[in-house]
Amino acid sequence: MHTAFQKDCLKRIACIEPGVKSLSKYVCPNLTETTAPENSTPNNEAKKSSARGPRRRGRGRGRNSSNAEKAWSADQFVVEVQEGKARFHDFDLPLPLLRGIQTAGFTYATPIQGASLPHTLRGHDMVGKAQTGTGKTAAFLISIISDLLKYPVEDERYIGEARALILAPTRELAVQIGEDAEQLVQHTDLKVHTLVGGMDYGKQLHKIQRSHCDILVGTPGRLLDFASNKDVHLDQVEVLVIDEADRMLDMGFIPQVRRLVRATPPKEDRQTLLFSATFTDDVMRLSEQWTDKPVKLEMEPERVATDTVEQKIFITTASEKFALLQNILKSDDVQSVMVFANRRDICRTLYERLKKQGFKVGLIAGDVPQARRMKTLEGFKNGAIKVMVATDVAGRGIHVNGVSHVINFTLPEEPEDYVHRIGRTGRAGETGISISFACEDDAFLLEPIEKLLDMKLSCTMPDEELLVETPVPARKARAPKKAPAAEKAPVEVKKPVEVSAETPKEVEPAVAVVEPSAEKEPSATKEPSAGQEPSAQKAPSAEKEPSAEQEPSAEKEQLVKEEPQAATTEAPAVSLSSEESSQIESSQTESSSETSSQEDKQEGDIEGNKADSAG
């Protein structure tokens with residue numbers, strides 16, 4: 001059967017060569033009668049989609065996940081049935097997702113997962129109140145991935161068109177959610193993209209343009225930038241998740257969240273999930289606006305805090321806090337610890353002081369660049385950093401395995417932040433220790449924390465040895481680089497002492513140079529004429545007075561103060577004997593007396609000449 005294109009070719013050729021019924025001798029052997037229609041090949045559709053401008057369409061996921069399902073079965077994920085615990089096998093999850101759960105190391109569902117998945121997997125909206133560290137992130141991720149795999153999109157899709165949108169208040173939490181999502185979808189064809197501020201916009205845009213966007217995770221500000229620039233499209237969102245809704249309200253992100261929610265389909269056409277550790281009246285009113293007949297689920301936070309986290313309160317003073325912190329960090333049972341403070345300047349001071357003490361410490365605060373924060377967090381996860389100093393920015397949703405201790409250097413001003421801080425340890429059933437310092441400045445904050453937890457916190461005084469501050473280790477002084485050259489100089493000066501016998505021979509010529517001035521007597525050799533001023537004529541005699549300009553002692557100083565190089569070879573000028581010195585002084589005295597007598601005689605001759613001329 002000929003295609004439409006081939007039929008058109010036959011008509012044209014028939015005009016030239018009547019009776020032609022086949023194109024086999026006119027076309028390439030690859031172009032057979034079974035060639036697919038023009039617009040049916042994936043390559044042609046890819047070329048068309050690339051020519052549609054910035055909002056390009058594509059075919060969605062390219063490879064079929066059925067091969068992965070055939071290679072792996074649920075029988076390879078063996079989990080024994082236990083009473084009171086829910087298995088992930090019981091929720092009828094797709095096999096690629098179940099395999100991802102096995103790879104992530106999950107076996108039994110946590111209480112929040114077991115309570116929420118039966119509702120969210122059926123498409124119901126949910127408002128969940130659960131303590132951080134209970135597994136609520138995996139709860140909504142499993143629900144999203146299951147929905148996207150069961151109902152794939154076969155039609156064309158725009159580049160940057162998200163199917164699921166997850167909003168998080170902080171960059172660290174958004175990155176953590178993105179990493180957890182990528183771990184769960186590693187055996188599927190779904191693509192996860194994370195957009196946070198502080199990172200290069202162009203690189204994030206390039207990654208989105210390379211592949212389709214199934215799950216989009218980000219902070220409100222950066223997501224709004226991409227949506228305003230038409231780089232992402234939210235009009236086809238099927239599932240909307242707002243995590244840490246109370247924190248969104250506290251940080252002032254609600255106006256931005258409203259704009260993002262308006263860009264999504266109406267609440268009747270999407271599934272909306274709200275999860276947080278705490279809920280205020282304002283957040284509950286927002287949930288009524290954004291959800292459609294939600295299922296409300298509440299998990300008691302104090303059960304997790306009291307059962308898995310041992311809480312200690314040390315009564316101390318503000319000046320003793322650092323010494324107490326320093327000695328606690330030196331304990332053998334402290335493996336990985338997070339230290340929280342209320343302000344950035346306190347965190348910066350703690351970071352610098354602990355670093356001087358030799359601790360492997362990192363800092364996460366709002367004024368730290370995002371790239372530096374991610375590098376520090378990665379070092380804390382892999383064990384390169386033992387102590388992490390952070391503000392409450394890092395207190396929400398960061399899951400780091402193996403945190404043994406949480407230390408509140410300053411008590412939080414909001415009681416809910418205390419629950420979030422101690423939730424960094426003892427996560428998902430593990431045990432941990434929480435230590436808080438209460439001093440004269442913040443001890444009054446204990447009462448609202450106890451009211452929130454509905455329990456009395458025991459306060460104790462620390463041992464005296466824990467309050468002794470260790471001095472800062474002294475650094476080794478660096479040796480000067482040019483020290484060897486300075487040591488050689490004195491050795492060279494002492495070598496030429498043997499030349500002392502030659503000293504008189506060198507000194508006598510210096511004295512003899514001065515003596516010829518006595519031989520030249522201007523008054524005896526030449527009579528001054530009457531028309532010539534003798535004083536002007538004989539002025540050079542004053543310039544050659546050895547007694548006035550160069551004393552013998554000055555001659556000795558000049559010989560001593562020679563260049564260093566000459567001193568190394570002619571240093572014996574200093575070793576003159578007493579007899580030689582007296583001879584030199586007597587010769588200088590005689591020459592000076594002769595010169596003074598010549599000057600007196602010369603002055604007498606000049607006065608006589610003046611008298612003769614006057615007469």
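Proximity of Val337 to Val406: side-chain heavy atoms (C-beta onward) are nowhere separated by under 4.5 Å. Side chains of Ile101 and Leu184 form a contact here, defined as non-hydrogen atoms less than 4.5 Å apart. Side chains of Tyr158 and Gln236 form no contact here, defined as non-hydrogen atoms less than 4.5 Å apart. Considering only heavy atoms from C-beta on, Leu297 stays 4.5 Å or farther from Val127 through its side chain. Contact annotation: the side chain of Val241 never approaches that of Leu167 to less than 4.5 Å [non-hydrogen atoms, C-beta and beyond]. Counting only heavy atoms from C-beta outward, the side chains of Val389 and Phe340 never approach each other to under 4.5 Å. With contacts defined as side-chain heavy-atom distances shorter than 4.5 Å, the pair Leu149/Leu97 qualifies. Inter-residue side-chain proximity for Ile215 and Lys191 is flagged as unmet; no heavy-atom pair is nearer than 4.5 Å.
A donor-acceptor pair is defined here as one N or O able to donate and one able to accept, closer than 3.5 Å; such a pair exists between the side chain of Arg87 and the backbone of Val79. Side chain of His193 to main chain of His212: a donor-acceptor pair is present (N/O by atom type, distance under 3.5 Å, no hydrogens or angles). A distance-only check finds no donor-acceptor pair linking the side chain of Asp269 to the backbone of Pro265 [under 3.5 Å]. Remark: the backbone N or O of Pro96 is not paired with any side-chain donor or acceptor of Thr188 at under 3.5 angstrom. With hydrogens and angles disregarded, a donor-acceptor distance shorter than 3.5 Å links the side chain of Asp200 to the backbone of Lys203. The closest donor-acceptor contact from the side chain of Asp125 to the backbone of Asp292 lies under 3.5 Å. Formation of a donor-acceptor pair under 3.5 Å by the Thr264 side chain with backbone atoms of Val261 is found in this model. A donor-acceptor pair under 3.5 Å is formed between the side chain of Ser404 and the backbone N or O of Gln335. At distances below 3.5 Å, at least one donor-acceptor pair connects side-chain atoms of Asn382 with backbone N or O atoms of Ala384. His405 places no side-chain N or O within donor-acceptor distance of the main-chain N or O of Val339, the cut-off being under 3.5 Å.
With sequence neighbours left out, the side chain to side chain donor-acceptor pair (under 3.5 Å) criterion links Asp180 to Gln176. Looking at residues two or more places apart in sequence or on another chain, you find a salt bridge (Lys or Arg N to Asp or Glu O under 4.0 Å) between Glu238 and Arg163. By the side-chain contact (heavy atoms from CB on, under 4.5 Å) test, Ala109 pairs with Ala86, Phe88, Phe91, Gln113, sequence neighbours left out. Arg372 meets the side-chain contact (heavy atoms from CB on, under 4.5 Å) test with Tyr351, Val368, Pro369, Thr376; sequence neighbours excluded. Under the ring-ring contact (aromatic ring centres under 6.0 Å, His included) criterion, Tyr108 pairs with no residue at all, not counting sequence neighbours. With sequence neighbours excluded, no residue satisfies side chain to side chain donor-acceptor pair (under 3.5 Å) with Glu288. Residues forming a side-chain contact (heavy atoms from CB on, under 4.5 Å) with Arg343 (at least two apart in sequence, or on another chain): Asp345, Ile346. When the ring-ring contact (aromatic ring centres under 6.0 Å, His included) test is applied to Tyr418, no partner is found at least two apart in sequence or on another chain. Here Arg122 pairs with Pro118, His124 under the side-chain contact (heavy atoms from CB on, under 4.5 Å) rule; sequence neighbours left out. When the ring-ring contact (aromatic ring centres under 6.0 Å, His included) test is applied to Phe106, no partner is found at least two apart in sequence or on another chain. Applying the side chain to side chain donor-acceptor pair (under 3.5 Å) rule to Gln102 yields the partners Trp72; only residues at least two apart in sequence or on another chain are considered.
Here the SG-CG distance, from Cys213 to Leu190, works out to 10.5 Å after rounding to the nearest 0.5 Å. Taking CG from Leu216 and CD from Glu161, the interatomic distance works out to 12.0 Å, rounded to the nearest 0.5 Å.
Between the side chains of Arg270 and Thr272, at least one donor N or O sits under 3.5 Å from an acceptor N or O. A donor atom on one side chain and an acceptor atom on the other are found under 3.5 Å apart for Gln204 and Arg222. Looking only at atom types and distance, the side chain of Thr103 has a donor-acceptor partner in the side chain of His187 under 3.5 Å away. Gln186 and Arg99 are not linked by any side-chain donor-acceptor pair at a separation below 3.5 angstrom, with hydrogens and angles left out of the test.
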Taking only distance into account, with no hydrogens and no angle test, what donor-acceptor pairs under 3.5 Å do side-chain atoms of residues 138-147 form with protein atoms, sequence neighbours excluded?
| from | atom 1 | to | atom 2 | distance (Å) |
| --- | --- | --- | --- | --- |
| Ser143 | OG | Thr120 | O | 3.4 |
| Ser143 | OG | Thr120 | OG1 | 3.3 |

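Across all non-hydrogen atoms, the minimal contact from Ile177 to Ala168 is CD1-CB, 4.2 Å. Taking every heavy atom of both residues into account, Ala115 and His119 meet most closely at O-CD2, 3.3 Å. Nearest heavy atoms, Ala390 versus Cys347: O-SG, 3.6 Å. The two residues Ser116 and Met126 have their closest heavy-atom pair at CB-SD, 3.5 Å.
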Legend entry - Test side-chain contact (heavy atoms from CB on, under 4.5 Å) applied to Lys386 and Ser336, step by step: CA-CA 5 Å; Lys386 178 182 177 181; Ser336 179; 5.7 Å; no
Inset, instruction - Just do the side-chain contact (heavy atoms from CB on, under 4.5 Å) check on Lys293 and Lys267 with the steps written out, would you? - result: CA-CA 10 Å; Lys293 300 177 182 179; Lys267 62 181 181 180; over 6 Å; no
Inset, instruction - For Val192 and Asp214, run side-chain contact (heavy atoms from CB on, under 4.5 Å): C-alpha distance rounded to whole Å, both residues' side-chain angles, the deciding distance at 0.1 Å, then the answer. - result: CA-CA 6 Å; Val192 181; Asp214 295 300; over 6 Å; no
Inset, instruction - Walk me through it: do Gln256 and Met248 pass the test side-chain contact (heavy atoms from CB on, under 4.5 Å)? - result: CA-CA 10 Å; Gln256 298 174 339; Met248 295 275 196; over 6 Å; no
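With respect to Glu244 and Lys136, a salt bridge is recorded, a charged nitrogen being found less than 4.0 Å from a carboxylate O. Salt bridge present: Asp392 and Arg421 bring a charged side-chain N and a carboxylate O closer than 4.0 Å. With respect to Lys85 and Glu80, no salt bridge is recorded, no charged nitrogen being found less than 4.0 Å from a carboxylate O.
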